[in-house]
*Asks:* 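I have a structure here, written as C-alpha cells, and I will follow up with some questions on it.
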Amino acid sequence: MNAPNAYPLRISIAFTLALAALILIAGCGYGFRADGRPVGLEIDSLAIPLMTSTSSAIAFEPDFTKVIRQEFISHASVPILPKENAHMVLIGHVQNIHTNPMTYDLDVQTVRGREVTYSSTSSRRLVVELKAELVDRETGKTVWQEDNLVEEARFEVTSDPLLTRHNRRQALQKIAARLAKRVYLKTMERF
C-alpha cells in the first residue's frame with residue numbers, strides 16, 4: 001500500500017548518495033592542471049635525449065624520441081632544452097621490440113600430385129617494452145622510474161616487403177604515441 005511513496009524516497013536516497021560521492025571526490029585534493037605545468041613537482045625545464053635501445057630493430061630511436069618530445073611540446077608549458085641545460089632529464093631505453101604472429105592465411109597447392117598446405121602470417125603483433133625515468137640533473141636523484149612500460153599494436157603482413165615495413169613502422173608510431181602519453185602523464189599529472 002505504501003508503494004507510491006517509496007519511489008520518491010528511492011530518488012531522494014540516490015540523489016543524496018550521488019551528492020556525497022561528488023563531495024568526497026572533490027575533496028580528495030587531486031585535480032588536473034590545465035596550464036601545462038606539472039602537478040606536485042617543479043620542473044623548470046626538461047631534456048628528452050635520444051632514446052636508447054638494445055633491440056635489433058634498426059633506426060627507430062629518432063622517430064620514437066620525436067613522438068615523445070612532441071607530446072611534451074604539445075601539452076606542457078615546460079621548455080625542452082639540451083641535456084646540459086635542463087633541470088630534469090627524461091631518459092628512455094627500449095628494452096625489447098618483438099613481433100608475434102596473430103593471423104594466418106592457408107594456401108593449398110598441389111605438389112607432385114599431393115595437396116600441400118602452406119601457412120603464412122597475414123598479421124603480426126608488435127610489442128615494445130620501455131624503461132623510462134625522470135632524473136633531476138643537478139642532484140642525480142630519480143624522481144620516478146618505470147622499468148616495464150609495455151604497449152602493442154597490430155600490423156598487416158603482405159607479399160610486398162616495402163608495404164609490410166611501412167605497416168610495421170605505422171604500428172611503431174602508434175605504440176610510441178601511447179607510450180608518450182603514459183610518460184607524459186607520469187611526469188606531469190603524477191599518476
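Values in this document were obtained by computation on a predicted structure and should not be read as measured data.
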*Asks:* From Glu129 CD over to Glu151 CD, what is the distance, rounded to the nearest 0.5 angstrom?
*Replies:*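 Going from CD on Glu129 over to CD on Glu151, the span is 11.5 Å.
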
*Asks:* Roughly how far, to the nearest 0.5 Å, is the OG1 atom of Thr187 from the CD atom of Glu133?
*Replies:*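 Reported value, rounded in 0.5 Å steps: 11.0 Å.
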
*Asks:* For Asp63 and Leu172: C-alpha separation, side-chain torsions, deciding distance, then whether side-chain contact (heavy atoms from CB on, under 4.5 Å) applies.
*Replies:* CA-CA 9 Å; Asp63 291 338; Leu172 188 60; over 6 Å; no

*Asks:* Distance alone, cut at 3.5 Å: any donor-acceptor contact between the side chains of Glu115 and Thr110?
*Replies:*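 Their side chains do not contain a donor-acceptor pair, so the 3.5 Å distance test is not met.
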
*Asks:* Do you know the tightest heavy-atom contact between Leu130 and Gln95?
*Replies:*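 Residues Leu130 and Gln95, closest heavy atoms: C-NE2, 4.0 Å.
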
*Asks:* Give a yes or no on whether a salt bridge exists between Asp160 and Arg165, defined as a side-chain N under 4.0 angstrom from a carboxylate O.
*Replies:*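 No.
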
*Asks:* Side chains of Lys181 and Leu179, heavy atoms from C-beta outward: is any pair under 4.5 Å?
*Replies:*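 A side-chain contact is absent here, since even the closest heavy-atom pair is not under 4.5 Å.
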
*Asks:* Measure the shortest side-chain to side-chain distance between Glu156 and Arg124 over non-hydrogen atoms and say whether it is less than 4.5 angstrom.
*Replies:*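 Glu156 does not reach Arg124 side chain to side chain.
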
*Asks:* Is any side-chain heavy atom of Phe155 less than 4.5 Å from a side-chain heavy atom of Thr164?
*Replies:*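 Result yes, sub-4.5 Å side-chain heavy-atom pair found.
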
*Asks:* State plainly whether one hydrophobic cluster holds both Leu46 and Leu81, where clusters connect Ile, Leu, Val, Met, Phe, Trp and Tyr through side-chain heavy atoms under 4.5 angstrom apart.
*Replies:*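 Different hydrophobic clusters.
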
*Asks:* Thr65 and Pro49: which non-hydrogen atoms are nearest, and at how many Å?
*Replies:*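 Closest approach of Thr65 to Pro49, heavy atoms only: CG2-O, 3.6 Å.
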
*Asks:* Using a cut-off of 6.0 Å, state whether more than 12 heavy atoms not belonging to Arg154 lie near its atom CZ.
*Replies:*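 Above 12, so yes.
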
*Asks:* Taking the side chain as every heavy atom from C-beta outward, state whether Val128 and Leu149 have any pair of such atoms under 4.5 Å apart.
*Replies:*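 No, side chains not in contact.
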
*Asks:* Are Ile73 and Val183 connected in a single hydrophobic cluster, I mean Ile/Leu/Val/Met/Phe/Trp/Tyr linked by side-chain heavy atoms less than 4.5 Å apart?
*Replies:*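 They do share one cluster, since a chain of ILVMFWY contacts under 4.5 Å joins Val183 to Ile73.
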
*Asks:* Are the side chains of Gln145 and Lys131 in touch, meaning some heavy atoms are under 4.5 Å apart?
*Replies:*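 Yes - at least one pair of side-chain heavy atoms lies under 4.5 Å apart.
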
*Asks:* Is any NZ, NE, NH1 or NH2 atom of the basic residue among Glu146 and Arg182 found under 4.0 Å from an Asp or Glu carboxylate oxygen of the other?
*Replies:*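 No salt bridge links Glu146 with Arg182.
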
*Asks:* Which residue in the set Thr99, Thr158, Thr103 passes side chain to side chain donor-acceptor pair (under 3.5 Å) when paired with Ser123?
*Replies:*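 Testing each of Thr99, Thr158, Thr103 against Ser123, the sole residue satisfying side chain to side chain donor-acceptor pair (under 3.5 Å) is Thr103.
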
*Asks:* Give a yes or no on whether Met188 and Trp144 share a hydrophobic cluster (residues Ile, Leu, Val, Met, Phe, Trp, Tyr; joining criterion: side-chain heavy atoms under 4.5 Å apart).
*Replies:*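 Both belong to a single hydrophobic cluster.
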
*Asks:* Please report the shortest heavy-atom distance between Ala86 and Arg137, naming the atom on each side.
*Replies:*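 Taking Ala86 first and Arg137 second, the nearest heavy atoms are O-NE, 2.6 Å.
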
*Asks:* Okay, side chain of Ser45, backbone of His87: is any donor-acceptor separation there less than 3.5 Å?
*Replies:*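 Yes; judged by distance alone, with no hydrogens or angles, the pair exists.
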
*Asks:* Does the side chain of Ile97 reach to within under 4.5 Å of the side chain of Leu126, using non-hydrogen atoms?
*Replies:*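 Result yes, sub-4.5 Å side-chain heavy-atom pair found.
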
*Asks:* Group every Ile, Leu, Val, Met, Phe, Trp and Tyr by side-chain heavy-atom contacts under 4.5 Å, then state whether Phe64 and Val67 land in the same group.
*Replies:*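 No.
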
*Asks:* Set out, in order, the CA-CA distance, both residues' side-chain angles and the distance that settles side-chain contact (heavy atoms from CB on, under 4.5 Å) for Ile80 and Ile48, then state yes or no.
*Replies:* CA-CA 7 Å; Ile80 306 295; Ile48 306 174; 4.1 Å; yes

*Asks:* Heavy-atom distance under 4.5 Å between the side chains of Phe60 and Met51, does that happen here?
*Replies:*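 Heavy-atom side-chain distance check fails, nothing below 4.5 Å.
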
*Asks:* So, for Ser53 and Glu61, which heavy atoms are closest and what is the spacing to 0.1 Å?
*Replies:*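 The pair with the smallest heavy-atom distance is CB-OE2, 3.2 Å.
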
*Asks:* Checking the side chain of Asp136 only, and the main-chain atoms of Met88 only, is there a donor and an acceptor separated by less than 3.5 Å?
*Replies:*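 Side chain of Asp136 to backbone of Met88, a donor-acceptor pair under 3.5 Å: no, none is there.
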
*Asks:* For Val135 and Val143, what are the C-alpha separation, side-chain angles and deciding distance, and is it a side-chain contact (heavy atoms from CB on, under 4.5 Å)?
*Replies:* CA-CA 6 Å; Val135 177; Val143 176; over 6 Å; no

*Asks:* Does Tyr184 reach the main-chain N or O of Ile68 with its side chain, forming a donor-acceptor pair under 3.5 Å?
*Replies:*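 Such a contact is absent between Tyr184 side chain and Ile68 backbone.
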
*Asks:* Under a 3.5 Å distance rule, please check whether Arg125 uses its side chain to pair with a backbone N or O of Glu152 as donor and acceptor.
*Replies:*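 Side chain of Arg125 to backbone of Glu152: no pair is present.
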
*Asks:* Between Leu134 and Ile43, is there a side-chain heavy-atom distance shorter than 4.5 Å?
*Replies:*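 Of all side-chain heavy-atom pairs linking Leu134 with Ile43, at least one is under 4.5 Å.
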
